[in-house]
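Presented below is the structure to which this report refers.
Quick note: numbers below take in every heavy atom, side chains included, and nothing from hydrogens, waters or symmetry partners. Ligands are counted one by one from 1 in listed order, and the atoms in each one are counted from 1 as well. The shown structure was predicted, so the numbers you read here are calculated from the model rather than taken from an experiment.
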Amino acid sequence: MTSPQWLGVALLSGAGWVFTAHAAAAECGVTVETGDNLKFDEEVITVDPSCKEFKVTLVHNGKLPENVMGHNWVLSAAGDVAAIAADGMKAGLQNEYLKPDEARVIAHTELIGGGEETSVSFATDKLEATEEYVFFCSFPGHSTVMRGTLALRKDQG
Ligand code: CO
């Protein structure tokens, strides 16, 4: 029995489903804020597998310049962090504390000081779904505390 009334209900619930699916579309980027301290305000970043590219915007809300309290956002495999940070320290401020053409880095922003903002976009096909990556700041002394994790997975929240 397809009375016009029942048809109307079916159409309405159909439209509702489409709207919900659209609203839940993945957000392919995140803003990470920091300041004159050794802390990112995001410690766990989830990249939805449906994202082809992912954009990280880094905001430095502090006042200190980059040679004193510089911050960048560097992504690598967890096991590479210490070596990248050590080589970055040797590379110095003129190289923004990253070895030039550092192959172990998956993505990184430039180094910024207080009041500045920067961003980086990277292709998500560089990420393995089974791996948990680490993001950190390569400014000397920052990487041991100024870090978080990034993984490719469906966001449950
Ligand atoms: Co830093």
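For the residue pair A107 and V120, the shortest heavy atom distance occurs at CB-CG2, 4.5 Å.
Residue M89 shares its hydrophobic cluster (ILVMFWY side chains chained together at separations under 4.5 Å) with no other residue. Under a 4.5 Å side-chain heavy-atom cut-off, the cluster of Ile, Leu, Val, Met, Phe, Trp and Tyr residues that includes V44 has no other member.
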Using a 3.5 Å cut-off and no angle test, enumerate the donor-acceptor pairs between side-chain atoms of residues 127-146 and protein atoms at least two apart in sequence or in another chain.
| residue | atom | partner | partner atom | Å |
| --- | --- | --- | --- | --- |
| Y133 | OH | E128 | N | 2.7 |
| S138 | OG | N72 | ND2 | 2.8 |
| S138 | OG | Y97 | O | 2.7 |

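With respect to the salt-bridge test (charged N to carboxylate O, under 4.0 angstrom), the residues D87 and K99 qualify. Salt bridge D36/K63: absent, no basic N to carboxylate O contact under 4.0 Å.
Around the Co ion (ligand 1), protein N, O or S atoms at less than 2.8 Å number 4.
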